[in-house]
Every structure is written in C-alpha cells, then in structure tokens.
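Here you go, one structure.
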Amino acid sequence: MTLSAKTISRVTAAAVVAALTGVGLAMPAEAASTKQAASGAASQAASTSKPGQDTLRENVQTILKTGSVGVLAQSTGPRGSSYATAGTADRTTGVAVRPGDRFRAGSVTKTFVATVVLQLVGEGRLSLDDSVEHWLPGVVSGNGNDGSRITVRQLLQHTSGLFDYLSDFPEISSVDGFQAYRHTTWKQEQLVKIAMRHKPNFSPGAKSEYSNTNYILTGMIIKKATGRSWQQEVTARFLGGRLLRSAQLAEMKTTVRAPDLDILGPAPVTAWV
C-alpha cells in the first residue's frame, strides 16, 4: 500500500488537530501554573482571520478552561492553514504557547502504526488474517485470552475483545500517580501483561470496542515482521519528508526538541502507540 501526498496531507491535518487537543487534555489540572492567567491565557492567533479560525480559537479556549496548561491547534486544508494558541508553553518561565512549538503526538501515532501494518500487508510481509499467536506466540494467553483466535484485522478493527490495559493503570490516571511514575519506562510486554490479568470483554469478532491493548500488540507485530520497532518503521516510511519534516519519534527520550510545548513533562508511557 502506497499513500499519495493528498492522503498523507489529510492524515496529517487530522493528526495535528487531534494531537494538539490531546496535549491540552492530558495534563492533570492540578499541575497548571498560577502564571497561566498572566502569561498567555489569551488566545494567540494569526493576524489575518481565515475561515474556521474563530471556531478554532473558541475550541482552544474551551480546552484551556478544563485546567490545561497550554493548547496549540492547527487546521490545514485546501484554503490554507489556520492556527490558534492559548495558555503557557513553559510553566517555569511563563512563556506563552507559540504556533511553532513542538508537542507530543500521543495517540495520533496509532494512525501511522495502522498504516505501516497495511503497507506490510501490501508488501506481502504479513496478512490481516494472520493470528496474533502466529506472530507473538504465548503473549496473548491466560484468563480466557487466546491469541490463536484473534487476527491482525481484529486488532485494527478493535473487535479482538481484549481488555484495555489503561483501565487498570492507576500510574497515570491521577495526579499522584503521574508524579510518581512519570519517569518510568513501560515496555510493551509489561502493558500487555496488565491486560492479560483480565478476562476478555467479549469473544473475538463479536462486537467492536476500543482497546489500547490492540495497538500495543500491533506495534509488537511490526517488530516481529520487520526486525525494527514501530518507531523505526514509521520514521523510515513517513517522517522527514516534505509533509512531516519537523516530526520525530523520540523512543525512550523524555524531552522534545526546542522550541517545544513543555507542559507534559516526561511521557508517562514511552511505549505508547
């Protein structure tokens, strides 16, 4: 499978807006700086108003009011690009969020992970009908979990029935947990084991229900099929070109390149996909 520039452009536009929204919502409200109101709470936007820009400004302000430290949003389409910012980029200095700031993409990486899998299918290196057991023997087992009954297709469609490990992950579900474990590196195998402590939510293929566990396993399958991590595959296939020239996958790093939107601190789950 080969993505056209037009297709990648659409994915990128959706990814940017979703990622930026995620950045605004991911930071525990208690961590917001008291400098926020005095140094950048007001939305910063392009001097020339463009279609949809007022809505974008309103949206970033709405996210900021949830207790977020800073928000940056960009919308790109046939008529050009619009952006809006709100809040603080650096809690120490109080510098306002800037349109050129980098940010953690978070779950937007899943779009690219899924695309890598589809490209590998197109290259004949794996099949959507392959079982999870075929690629990851013994990984999905116990408490009624059976990787031989779950296909790669079902992982991507969220019809695997596997428990979502984030539903049993108190390390990042509270301010205290975030502060205590924000420097911890979680391996993909560890995250899957959390899910395996629980029975499946339903039989594979019975219905559709979102589970982050599906994408952890998908990333592991990419590694088995290619010999390289999903980060390496995404980087080689999509990053550094004309459309995504400023993107990077930091792997185990806890910082992003300056200029950055330093509101999250170290990523709580560095194996995140």
Side-chain angles (χ1 to χ4, degrees), residues 8-112 172 178 182 234 238-240 242-250 253-270 272:
I8 295 178
S9 180
R10 289 176 179 172
V11 171
T12 304
V16 168
V17 174
L20 296 170
T21 302
V23 166
L25 293 175
M27 185 63 193
E30 188 174 308
S33 170
T34 56
K35 296 180 180 180
Q36 177 179 316
S39 58
S43 175
Q44 307 295 318
S47 57
T48 302
S49 182
K50 297 179 181 179
Q53 193 166 43
D54 289 341
T55 301
L56 206 58
R57 290 188 189 122
E58 293 171 1
N59 288 341
V60 298
Q61 288 293 342
T62 297
I63 296 169
L64 189 70
K65 290 176 182 177
T66 66
S68 301
V69 177
V71 186
L72 164 61
Q74 177 177 329
S75 174
T76 301
R79 297 182 180 180
S81 299
S82 299
Y83 67 83
T85 66
T88 305
D90 190 315
R91 290 172 292 164
T92 302
T93 65
V95 172
V97 177
R98 300 145 295 193
D101 285 341
R102 293 185 175 91
F103 54 90
R104 298 187 188 279
S107 287
V108 172
T109 56
K110 294 172 183 174
T111 302
F112 297 96
I172 64 170
F178 176 84
R182 58 184 176 150
V234 169
F238 307 122
L239 307 188
R242 179 175 62 86
L243 295 173
L244 295 172
R245 58 185 179 274
S246 295
Q248 69 169 158
L249 288 169
K253 295 180 181 178
T254 60
T255 59
V256 292
R257 296 178 305 182
D260 60 11
L261 193 61
D262 189 21
I263 63 173
L264 276 179
V269 184
T270 53
W272 208 359

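The first residue of the sequence shown is numbered 1, and numbering continues consecutively from there.
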Item to check | Separation between CG of N59 and CG of L64, rounded to the nearest 0.5 Å | outcome: 12.5 Å
Checklist outcome for this item: Here the pair of heavy atoms bringing A89 nearest to D101 is CB-OD2, 3.7 Å
Item to check | Minimum-distance pair of heavy atoms, taken over all atoms of R98 and T85 | outcome: C-CG2, 4.1 Å
Item to check | Residue pair V97 / A86: nearest heavy atoms and the distance that separates them | outcome: CG2-O, 3.4 Å
Checklist entry - How close do L56 and S82 get, heavy atom to heavy atom, and via which atoms? => result CD2-O, 3.6 Å
